Engineer: 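The structure is given below, and queries will be raised subsequently.
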Protein chains: 2
Amino acid sequence: MVAPESIVEAFEGAGYRLTSPRRALAALIAARTGHFTAEDLLAEANRGRHGPGRATIFRSLEVLAELGAVERLDLPSGGHAFVACEPAHHHHVVCSSCGRSTEVSDNGLEGMAEAIQRETGYRVDTHRLELFGVCPRCRSRAT
Amino acid sequence: MVAPESIVEAFEGAGYRLTSPRRALAALIAARTGHFTAEDLLAEANRGRHGPGRATIFRSLEVLAELGAVERLDLPSGGHAFVACEPAHHHHVVCSSCGRSTEVSDNGLEGMAEAIQRETGYRVDTHRLELFGVCPRCRSRAT
DNA sequence: GTTTTTGCAAACCATTTGCAGGGTC
DNA sequence: GACCCTGCAAATGGTTTGCAAAAAC
């Protein structure tokens, strides 16, 4: 869904050192088609015998989330997951069947935030929108 | 922000038994002006010496969230909190300074969901929108 | 009297942290 | 060579669970 290089570049561009655990992690993330949890990556890393360790995975995901190369999602279940993405403001629709996700511009939401600001008097600083549904592929397969 | 009775009624209406721990919890929740964590309630419950225990608090919050008497929030920090609310579809603007929150109709969002559906082909089932900012009171106080 | 709820404390699980050795710039 | 990064394993902190006693219906 995302090239491993773009993740490596995120590290690089922000002045982080290029290490083999980070390269390996980039590959693991790039190999994912949908959203994934830290646990998923960890399991995958342990499968191959030279994958990054638990601590590195968590630490790197945090960095990547800060850099915007990855976004943290709050699943309806209360758990956390991540999706690789382009570093621009946007949101995701996540397929609850296969986990695949698609980016969505927040076209319209900006306006809504302004309307809310006017109505409530709050100064709205940030928002998070998460959409969950079924992707086209799963819809047709489900038939 | 919400009357204790409305919470008690939520239990009642759904066929749950009315117990004193549940009444006490309803009062604790009603006393909150903003969002609160399970931990907050637990601390408060322990202050008075006959409050509900840890397990009951978590179990009840889960039930109330299911019933829609309370909504679970995902804070930007990654933690979880709750707000008491009316059981209708809506969203909240949460003040990051004092924790107070206000309900917001999702006026407009419905339309957005449809647009997204059309654009991406996903069938959108649910969404969660959380807004964070500074409430009027804190804005003026902050000057 | 039957069924639900509670409380306690132990179990859990994801995530974080301290620290010494190793790798990168 | 200096400083950043990693792995390990132990600590953490919020949330869940098993079970016997207590309360509601």
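Note: hydrogens, waters and symmetry copies are ignored here, and every other heavy atom, side chains too, is used. A note on names: the letters A, B, ... follow the listed sequences, proteins ahead of strands, and every chain is numbered from 1. All values derive from a computational prediction rather than experimental measurement.
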Engineer: Pick the closest DNA chain D nucleotide for Arg17(B) and for Phe82(B) by heavy atoms, then say which residue is nearer the 5' end.
Structural biologist: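 That would be Phe82(B).
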Engineer: For His35(A), enumerate each residue passing the ring pair (Phe, Tyr, Trp, His ring centres under 6.0 Å) test, keeping only those at least two apart in sequence or located in another chain.
Structural biologist: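 So His35(A) forms no ring pair (Phe, Tyr, Trp, His ring centres under 6.0 Å) with any residue.
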Engineer: Round to a whole Å and report the spacing from CG of Leu42(B) to C1' of dG14(D).
Structural biologist: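 So the CG-C1' distance, Leu42(B) to dG14(D), works out to 11 Å.
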Engineer: Taking only the side-chain nitrogens and oxygens of Thr56(A), find out if one of them lies under 4.0 Å from OP1 or OP2 of dC5(D).
Structural biologist: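 No, no such contact exists.
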Engineer: Do any side-chain nitrogens or oxygens of Thr19(B) fall under 4.0 Å of OP1 or OP2 in dT6(C)?
Structural biologist: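 Answer is yes, contact under 4.0 Å.
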Engineer: What is the distance, to the nearest angstrom, from the CD atom on Glu39(A) to the P atom on dC12(C)?
Structural biologist: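 Spelled out: CD on Glu39(A) to P on dC12(C) is 15 Å.
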Engineer: Grab the CD-P distance between Glu12(A) and dC5(D) for me, whole Å please.
Structural biologist: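 One finds 13 Å between P of dC5(D) and CD of Glu12(A), rounded.
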Engineer: Any chance the rings of His91(A) and His127(B) have centres within less than 6.0 Å?
Structural biologist: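 That pair fails the under 6.0 Å test.
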Engineer: Using whole Å, report how far CG of Asp40(B) lies from C1' of dG13(D).
Structural biologist: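 Value for this atom pair: 14 Å.
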Engineer: Are Glu62(B) and Arg72(B) ion-paired here, with the side-chain N under 4.0 Å from a carboxylate O?
Structural biologist: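 Result for this pair is no, no salt bridge flagged.
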Engineer: Just checking Arg59(A): base, sugar-phosphate only, or nothing, at a heavy-atom cut-off of under 4.0 Å?
Structural biologist: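 Counting heavy atoms under 4.0 Å across all strands, the contact made by Arg59(A) includes a base.
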Engineer: Just compare dT15(C), dT15(D), dT6(C) and give me whichever is closest to any side-chain atom of Ala38(B).
Structural biologist: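 Side chain of Ala38(B) sits closest to dT15(D).
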Engineer: Rounded to whole Å, how long is the line connecting atom CZ of Arg22(A) with atom C1' of dG22(C)?
Structural biologist: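 Atom CZ in Arg22(A) sits about 14 Å away from atom C1' in dG22(C).
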Engineer: If I compare all heavy atoms of Arg139(B) with all of Gly121(A), which pair ends up nearest, and what's the gap?
Structural biologist: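 That would be NH1-O, 3.0 Å.
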Engineer: Is Arg54(A) touching bases, backbone alone, or none of the nucleic acid, heavy atoms closer than 4.0 Å?
Structural biologist: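 Base: the residue Arg54(A), judged by heavy atoms under 4.0 Å, touches a nucleobase.
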Engineer: Does His80(B) make a side-chain N or O approach to OP1 or OP2 of dG14(D) shorter than 4.0 Å?
Structural biologist: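 Negative; the distance criterion is not met.
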Engineer: If I take atom CG in residue Asn46(B) and atom C1' in nucleotide dT6(C), what distance separates them, rounded to the nearest angstrom?
Structural biologist: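 For the pair Asn46(B) CG and dT6(C) C1', the rounded distance is 15 Å.
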Engineer: Heavy atoms from C-beta onward define the side chain here; which of dT16(D), dC8(C), dC8(D) lies closest to that of Ala55(A)?
Structural biologist: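 Nearest listed nucleotide: dC8(D).
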Engineer: Tell me whether the rings of Tyr16(A) and Phe11(A) are parallel (<30°), tilted (30 to 60°) or perpendicular (>60°).
Structural biologist: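 Taking Phe11(A) first and then Tyr16(A), their aromatic rings stand perpendicular (interplane angle over 60°).
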Engineer: Distance check needed: dT17(C) P versus Ile57(A) CD1, whole Å only.
Structural biologist: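 The answer, rounded to whole Å, is 17 Å.
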Engineer: Can you check the Phe11(A) CZ to dC4(D) P distance for me, whole Å?
Structural biologist: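 Rounded to the whole Å, the gap is 16 Å.
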